[in-house]
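Remarks on the structure that follows.
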Amino acid sequence: MNIIIAGAGAMGCRFGSALADSSCQVTLLDDWQEHIHKINRDGLIVTNEKGSSQVLIRASLPGKCDHKADLMIFFTKSMQTESMIKSCLHLITEKTEVLTLQNGIGNIEVLSQYISENQLFAGTTTYAANLEGPGTVEAFGSGTIEMMHVKGERKKQTKKIVSILNEAGLRTELSADILKSIWEKAAFNAVLNPLCTLTSSTVGTIGTYGAIVDVVSGILKEVELVAHAENVPLDRQKVMRVIDSVFDPAMSAHHYSSMYHDIQKGRPTEIDFLNGAIIQKAQKHKIAVPYNTLIYHLIKMLENNRIAITT
């Protein structure tokens, strides 16, 4: 199977390298020329609990890739989804299956403007990764993936994608309700991404704070209210259990959130597609979300200050 990873950031590299190691034909797409050049010249260097290894994998700028995808997996930041799908349309046929495993709320809506919903699959993952530099990724800890066809159809194709991911060592299962899964992952990220960023802490350090349950509960109660108003049966206790599980060193306790790395490097964050999306939908239903509103504005302040410093 010819698999194209749209977005060769940390997660795209982790998934791409795992799929390449399982004998899939994989191409990483990204707009970062230095990153692409280094991968093509030296291979992708992946460091995990087993040490460092060199994964020989193709990489390309989207416009220079010329082979069609059987499966395309989107890992761009949410604010880059539209520009990436536009640059990839020449690689997508009517038989291409497109899977988004991105963070945030709204990616399905963007992708479905450019491809048929019949081709579109969506999911969430708790895997984590850090891009240490051009051609170098850290892939510590374990995780899970939930996915399904966006309409709950194409069962055979869905099971095939699940099987491909599992064969690559990426633990995957079918989701019974993908919107619920996406909202629960957004709730997870709306907690940990900004908290790690605002405190400059790893996930594990956040978990050692004595009153962390009070902080997390306050954020999640608001997300739950908004989700239910949107007819999404978000399970707040399930999200709380997942958050608690990643405090474990065997999972992602050592991990700094992607939002933290974006702030440190003066890049825009996904806050508008996490807490910002919650606020936007809360306003529609006239629901007060003070925890999420405060977090949103604090991250925006950091984002604006860092971008100003680096430009």
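Checking side-chain atoms of Thr197 against main-chain N and O of Tyr260 turns up a donor-acceptor pair under 3.5 Å. Looking at Tyr296, its side chain never comes within 3.5 Å of a backbone N or O of Gly276 through a donor-acceptor pair. With hydrogens and angles disregarded, a donor-acceptor distance shorter than 3.5 Å links the side chain of Arg14 to the backbone of Phe140. Under the 3.5 Å distance criterion, the side-chain polar atoms of Asn2 are left unmatched by any main-chain donor or acceptor of Asp70. Between the side chain of Ser60 and the backbone N or O of Pro62, no donor-acceptor pair lies under 3.5 Å. Put simply, the side chain of Ser163 never gets that close to the backbone of Lys159: no donor and acceptor are under 3.5 Å apart. Between the His37 side chain and the Trp32 main chain, no donor and acceptor come within less than 3.5 Å of each other. Here the side chain of His149 pairs no donor or acceptor atom with the backbone of Phe121 at under 3.5 angstrom. A distance-only check finds a donor-acceptor pair linking the side chain of Asn275 to the backbone of Ala190 [under 3.5 Å]. Judged by distance alone, the side chain of Glu184 and the main-chain N or O of Lys238 form no donor-acceptor pair under 3.5 Å.
At least one side-chain heavy atom of Ile271 sits under 4.5 Å from a side-chain heavy atom of Lys300.
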Using side chain to side chain contact (heavy atoms under 4.5 Å, CB included), reason through Lys77 and Asp262 one step at a time and then give a plain yes or no.
CA-CA 11 Å; Lys77 296 294 179 66; Asp262 286 338; 2.4 Å; yes

As a quick check of understanding, evaluate side chain to side chain contact (heavy atoms under 4.5 Å, CB included) for Ile105 and Phe273, giving each step before the final call.
CA-CA 5 Å; Ile105 296 168; Phe273 298 87; 5.9 Å; no

Might you work through the side chain to side chain contact (heavy atoms under 4.5 Å, CB included) test for Phe74 and Ile85, ending with a clear yes or no?
CA-CA 9 Å; Phe74 269 76; Ile85 184 66; 3.7 Å; yes

Walk me through it: do Asp235 and Lys180 pass the test side chain to side chain contact (heavy atoms under 4.5 Å, CB included)?
CA-CA 8 Å; Asp235 184 343; Lys180 178 174 181 287; 4.0 Å; yes

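The OG atom of Ser142 sits 9.5 Å away from the CG atom of Leu170 when rounded to the nearest 0.5 Å. Summarising the geometry, atom CZ belonging to Phe15 is positioned 4.0 Å from atom OG1 belonging to Thr125; distances are rounded to the nearest 0.5 Å. Note that the CE atom of Met84 and the CG atom of Leu111 stand 11.0 Å from one another [nearest 0.5 Å]. Rounding to the nearest 0.5 angstrom, the gap separating the CD1 atom in Ile3 from the CG atom in Leu71 is 5.0 Å. Atom OG of residue Ser257 and atom CG of residue Leu192 lie 8.0 Å apart, to the nearest 0.5 angstrom.
Side chain to side chain, Gln102 and Thr76 meet the donor-acceptor criterion of an N or O pair below 3.5 Å.
Grouping the Ile, Leu, Val, Met, Phe, Trp and Tyr side chains by contacts below 4.5 angstrom, directly or via other members, places Ile115 apart from Leu99. Connection of Leu29 to Met1 is not established within any shared hydrophobic cluster, with ILVMFWY side chains joined at heavy-atom distances below 4.5 Å, either directly or through further cluster members. In terms of hydrophobic clustering, with Ile, Leu, Val, Met, Phe, Trp and Tyr side chains grouped at heavy-atom distances under 4.5 Å, Tyr209 and Val239 are assigned to a common cluster. One hydrophobic cluster, built from ILVMFWY side chains closer than 4.5 Å, holds both Val150 and Tyr114. Residues Val246 and Leu195 share a hydrophobic cluster, clusters being chains of Ile/Leu/Val/Met/Phe/Trp/Tyr side chains in contact below 4.5 Å.
Considering every non-hydrogen atom in both Ala139 and Val46, the closest pair reads CB-CG1, 4.2 Å.
Residue Ile73 forms a side chain to side chain contact (heavy atoms under 4.5 Å, CB included) with just one option from Leu19, Val98, Ile4, and that option is Leu19. When Ile295, Asn292, Ile243 are each tested for a side chain to side chain contact (heavy atoms under 4.5 Å, CB included) with Val191, only one passes: Ile243. Test Thr100, Asn107, Asn103, Thr269 against Ser78 for side-chain hydrogen bond (donor to acceptor under 3.5 Å, both in side chains) and you get one pass: Asn107. Applying the side chain to side chain contact (heavy atoms under 4.5 Å, CB included) test between Leu198 and each of Ile263, Asn193, Ile206, Ile299 identifies Ile299 as the sole match.
Listed by chain and residue number, Arg236 satisfy the side-chain hydrogen bond (donor to acceptor under 3.5 Å, both in side chains) test with Glu224 (two or more places apart in sequence, or in another chain).
Using a cutoff of 4.0 Å between basic side-chain nitrogens and carboxylate oxygens, Lys185 and Glu146 are not scored as salt-bridged.
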